[in-house]
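As a basis for the values below, the full set of heavy atoms in this structure was taken, side chains included, without hydrogen atoms, waters or symmetry mates.
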Amino acid sequence: MARRKFDPTRMSGAPPRPADTVRPLSVSELAWMVDGALKAGLPKSIRVVGEISNFTDRTHWYFNLKDAEAVVSCVMFATAARHVGFKPGNGQQVVAAGRIEYYAKQGRTQFYVESMEIVGAGALEARLRALVEELRALGWLDPARKRPLPTFPRRVAVVTSRTGAALQDV
């Protein structure tokens with residue numbers, strides 16, 4: 001029996017069209033697709049444990065939740081923030097409950113926090129405090145070691161990576 005040639009038209013599903021014949025999406029259409037994919041692929045309510053950083057208290061609370069590997073942008077509206085019972089601070093470890101949404105006007109995916117419980121001081125904050133205490137014990141942070149800055153410095157050093165924006169800024 002002779003083997004049949006491959007025929008892509010007999011496959012289930014339509015074959016992909018070449019990129020030049022696909023209609024380009026508008027930015028709004030792409031945003032709706034991203035929002036729909038997030039809503040379909042994630043549970044409606046999520047609990048996340050992380051350390052608070054970049055906390056700002058305007059009418060609403062804006063902050064990041066982070067661990068050693070990743071950062072998530074968060075917002076907690078004033079109505080929910082009133083019920084928390086404490087004001088979070090940078091370095092605090094918390095468990096936050098809420099939902100993930102895509103904010104199309106800024107092109108951001110954010111975690112909308114609806115409730116929060118404090119766990120304790122975060123591990124990253126604890127490591128920073130331990131390092132500061134170690135440097136203090138060695139005397140490196142002693143005010144007597146500090147020298148006044150010259151009025152007109154002769155040299156200025158910039159310590160950064162080769163691709164850092166600091167090189168262009170200076």
Side-chain angles (χ1 to χ4, degrees), residues 3-128 131 158-170:
R3 189 171 178 179
R4 294 163 78 184
K5 287 186 175 183
F6 175 71
D7 183 5
T9 60
R10 295 179 51 103
M11 293 183 63
S12 62
R17 298 187 316 189
D20 59 347
T21 62
V22 175
R23 180 184 71 79
L25 299 172
S26 70
V27 173
S28 298
E29 289 172 321
L30 177 59
W32 291 328
M33 290 173 69
V34 169
D35 189 44
L38 284 172
K39 286 179 180 172
L42 293 172
K44 291 186 188 239
S45 182
I46 300 171
R47 288 174 41 95
V48 178
V49 62
E51 186 175 314
I52 291 180
S53 67
N54 298 339
F55 180 83
T56 55
D57 181 5
R58 297 184 199 142
T59 303
H60 311 297
W61 291 350
Y62 298 93
F63 56 96
N64 292 329
L65 280 179
K66 66 180 184 177
D67 61 17
E69 304 289 322
V71 177
V72 176
S73 295
C74 303
V75 62
M76 187 171 203
F77 294 122
T79 53
R82 279 189 220 114
H83 298 35
V84 169
F86 67 95
K87 185 174 180 179
N90 291 326
Q92 284 183 326
Q93 189 91 4
V94 296
V95 175
R99 67 193 187 283
I100 295 286
E101 286 190 16
Y102 179 72
Y103 185 54
K105 290 188 180 195
Q106 290 184 351
R108 299 179 60 155
T109 303
Q110 281 189 310
F111 185 47
Y112 288 79
V113 179
E114 295 160 358
S115 66
M116 185 186 308
E117 306 163 14
I118 192 163
V119 175
L124 296 176
E125 180 76 12
R127 279 193 298 197
L128 175 65
L131 177 61
V158 178
V159 180
T160 184
S161 69
R162 290 180 186 214
T163 59
L167 289 175
Q168 285 74 32
D169 293 347
V170 173

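In terms of heavy atoms, Asn54 sits closest to Asn64 at ND2-ND2, 3.1 Å. Minimum heavy-atom separation, Glu114 to Ala80: O-CB, 3.6 Å. For the residue pair Ala97 and Arg47, the shortest heavy atom distance occurs at CB-CG, 3.9 Å. Closest approach of Leu25 and Met33 over heavy atoms only: CD1-SD, 3.5 Å.
Note: Gln110 CD to Cys74 SG = 8.0 Å, rounded to the nearest 0.5 Å. We find the CD-OH distance between Glu101 and Tyr103 to be 11.5 Å, quoted to the nearest 0.5 Å. Separating the CD1 atom in Ile100 from the CZ atom in Phe111 is a distance of 5.5 Å, to the nearest 0.5 Å. From Asn90, atom CG reaches atom CG of Leu128 across 11.0 Å, with rounding to the nearest 0.5 Å. One distance of note links OG of Ser73 with CD of Gln106; it measures 9.5 Å at 0.5 Å rounding. In this structure, NZ on Lys66 lies 11.0 Å from CD1 on Ile52, to the nearest 0.5 angstrom.
The shortest distance between side-chain heavy atoms of Phe63 and Gln92 does not fall below 4.5 Å. Within the 4.5 Å cutoff, the side chain of Lys39 has no heavy atoms near those of the Tyr102 side chain.
Using the six-membered ring where Trp is involved, Trp61 and Phe55 have ring planes that are perpendicular, over 60° apart on the 30 and 60° scheme.
Although no hydrogens or angles enter the test, the distance criterion places no donor-acceptor pair under 3.5 Å between the side chain of Asp67 and the main chain of Gly50.
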